[in-house]
Student: 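Encoded as structure tokens, here's the structure I'll be asking about.
Quick caveat: nothing in here was measured; it's all calculated off a predicted structure.
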Amino acid sequence: MTSSTSTLSPLDRPWSERIDAEELIEAAMDWHFDPSTGSPFWLDRAKGFDFDPRRDVRTIADLTLFPNIVDELRDVPIRDLIPRGYGTSYQQPIIAESGGTTGPPKRLMWMAETLEQATAWHADGLARHGAFRRGGDWLCMGPTDPHMAGHLIRATAAKFNAMCFLLDLDPRWVKRLVERGATDEIALYVEHVVDQAEWILRSQDISVFYSTPPLLDALCRRGDMVDLINERVDVIGWGGTKMDTEVRNHYQREVFPGVKFIGGYASTMIVGGIVERADGVEGESPIFDPPSPVTIFSVIDPATGVSVPYGERGQVLQHHISRGLLLPNNLERDSAIRVPHPRGTGGDSIADVQPVTQFSGKPVVEGVY
């Protein structure tokens with residue numbers, strides 16, 4: 001294979017490149033729906049379509065011809081998602097599960113190059129903030145296996161020659177506690193998680209600290225920990241649950257004035273983590289630019305499926321198109337403000353992300369992640 005990325009299939013080019021959306025979609029349809037290369041899941045699912053993906057799906061708009069299949073990912077045999085074109089010589093995929101916010105966890109897999117591409121995109125987004133020069137190691141106060149947060153952040157830390165410390169955290173158990181109103185048990189579990197983070201922060205040279213907003217809030221209630229972070233940590237990355245702009249500004253300006261605060265938007269279904277735009281306006285809601293057209297966001301009116309005007313709020317519709325995974329027409333559980341994407345390759349950027357209150361007929365329970 002040549003080293004020139006211009007001669008590579010669009011499916012194999014780095015996510016950081018400007019890729020033509022229609023060329024990528026055409027290559028993906030040929031790969032995922034050719035009987036010799038497509039996955040058992042998609043080849044079987046296509047038998048019930050009233051359209052031919054290889055003939056009829058050529059544009060971003062055409063991707064909405066697909067049904068939203070994410071609920072089927074709660075129980076699909078995981079090997080059925082692996083495209084046959086990989087044969088039997090591929091590296092072991094990572095099995096990724098959602099946190100169960102909207103019901104039983106959804107499950108998919110990342111092939112090795114999917115993890116590498118997602119990690120490179122994540123690392124590049126962080127590097128644009130220019131706050132990773134001192135060295136030191138990383139701590140992720142968030143969920144690990146079978147969730148993707150730990151995998152992605154640990155792999156990203158390696159891009160900066162850092163080691164990454166992880167915690168023992170089960171967000172699904174916390175959500176169960178929330179659902180039955182067990183506030184005392186929730187408090188005890190959160191203290192258990194924060195205890196782990198405190199022990200690492202006190203004993204290790206941590207320069208980059210990732211946390212979900214609820215856990216960061218719990219940590220800040222330990223006054224000496226705020227002082228310790230301000231003294232030692234260079235960067236706080238947050239994500240997993242919403243953080244209002246007012247709360248973010250309070251943390252950045254009053255609680256951690258000397259620490260770089262960087263937001264992230266991620267979920268299992270969007271296949272990666274998106275770092276906030278580095279040249280955003282200080283004090284305003286962070287903007288998240290997905291690696292379009294590999295991951296495409298549209299901000300729509302869910303009642304009509306039509307994009308809302310720029311600057312207005314709608315629900316996030318997501319498509320992921322890569323060699324390892326096809327996940328089109330996925331309505332996310334978040335609403336956001338629609339923002340123009342800087343690449344101009346199709347799709348939107350998003351700002352002021354907030355969870356919807358109901359999704360798939362069930363209340364959304366965020367918990368600590």
Side-chain angles (χ1 to χ4, degrees), residues 1-46 49 51-66 69 78-94 96 108-125 148 152 155 159 269-274 289-298 318-330 341-347:
M1 184 176 289
T2 178
S3 60
S4 173
T5 59
S6 63
T7 63
L8 294 176
S9 163
L11 293 170
D12 299 316
R13 290 171 61 187
W15 293 5
S16 57
E17 288 193 7
R18 188 183 295 267
I19 304 169
D20 181 81
E22 293 190 9
E23 289 182 5
L24 178 68
I25 292 169
E26 180 179 1
M29 295 304 107
D30 287 344
W31 169 262
H32 287 288
F33 293 98
D34 185 314
S36 67
T37 57
S39 68
F41 172 81
W42 277 118
L43 293 174
D44 182 67
R45 202 65 173 77
F49 293 164
F51 64 96
D52 180 351
R54 300 176 72 184
R55 184 189 66 223
D56 301 325
V57 179
R58 286 293 180 265
T59 68
I60 294 174
D62 294 338
L63 293 170
T64 59
L65 291 171
F66 285 101
I69 55 84
I78 196 68
R79 290 182 180 271
D80 286 356
L81 297 176
I82 300 176
R84 290 171 175 168
Y86 281 97
T88 58
S89 60
Y90 53 83
Q91 296 182 48
Q92 186 178 55
I94 292 174
L108 49 76
M109 55 77 206
W110 291 17
M111 303 303 288
E113 74 266 21
T114 305
L115 177 61
E116 172 56 33
Q117 290 273 44
T119 302
W121 177 264
H122 191 230
D124 181 68
M148 282 310 302
L152 182 63
K159 296 282 187 183
M269 295 299 112
I270 70 169
V271 192
I274 303 169
D289 305 312
S292 178
V294 176
T295 295
I296 303 166
F297 290 163
S298 298
Q318 182 262 151
H319 313 284
H320 177 84
I321 308 162
S322 64
R323 188 176 295 283
L325 184 66
L326 176 65
L327 195 62
N329 204 26
N330 167 33
H341 197 291
R343 280 188 172 181
T345 52

Student: For a quick test of reading the model, state the closest non-hydrogen atom pair linking His341 to Pro290 and the distance between them.
Tutor: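 Looking at all heavy atoms of both residues, the closest pair is NE2-O, 2.7 Å.
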Student: Pair Met29, Asp56 - check side chain to side chain contact (heavy atoms under 4.5 Å, CB included), show working.
Tutor: CA-CA 9 Å; Met29 295 304 107; Asp56 301 325; over 6 Å; no
Student: Could you tell me the separation between the CG atom of Asn329 and the CG atom of Asp62, rounded to the nearest 0.5 Å?
Tutor: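 The CG atom of Asp62 is 11.5 Å from CG of Asn329, to the nearest 0.5 Å.
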Student: Return the minimal non-hydrogen interatomic distance between Leu152 and Gly273, and the atom names on each side.
Tutor: CD2-N, 3.3 Å
Student: Show the nearest heavy-atom pair for residues Trp15 and Thr114, with the distance to one decimal.
Tutor: CH2-O, 4.2 Å
Student: Do the side chains of Lys159 and Asp124 get close enough for a salt bridge, i.e. N-O under 4.0 angstrom?
Tutor: no
Student: I need the Leu65 CG to Asp52 CG distance, nearest 0.5 Å.
Tutor: 11.0 Å
Student: What class does the angle between the rings of Tyr86 and Tyr90 fall in, given that below 30° is parallel, 30 to 60° is tilted and above 60° is perpendicular?
Tutor: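 Ring orientation of Tyr86 relative to Tyr90: perpendicular.
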Student: Please check if the distance between the ring centroids of His320 and Trp110 is under 6.0 Å.
Tutor: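 Between His320 and Trp110, the centre distance exceeds or equals 6.0 Å.
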Student: Can you tell me how far the CD1 atom of Ile19 sits from the CG atom of Leu24, to the nearest 0.5 Å?
Tutor: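 Answer rounded to 0.5 Å: 6.0 Å.
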Student: What do the steps show when you test Gln117 against Val294 for side chain to side chain contact (heavy atoms under 4.5 Å, CB included), and what is the final call?
Tutor: CA-CA 10 Å; Gln117 290 273 44; Val294 176; over 6 Å; no
Student: For residues Trp121 and Ser16, report the shortest heavy-atom separation together with the two atoms involved.
Tutor: CZ3-CA, 4.0 Å
Student: Nearest 0.5 Å, please: how far is CG in Leu326 from CG in Leu108?
Tutor: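 These two atoms lie 11.5 Å from each other.
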Student: Apply the side chain to side chain contact (heavy atoms under 4.5 Å, CB included) test between Ile321 and each candidate in Val271, Leu327, Thr295, Ile25; give the one that qualifies.
Tutor: Ile25
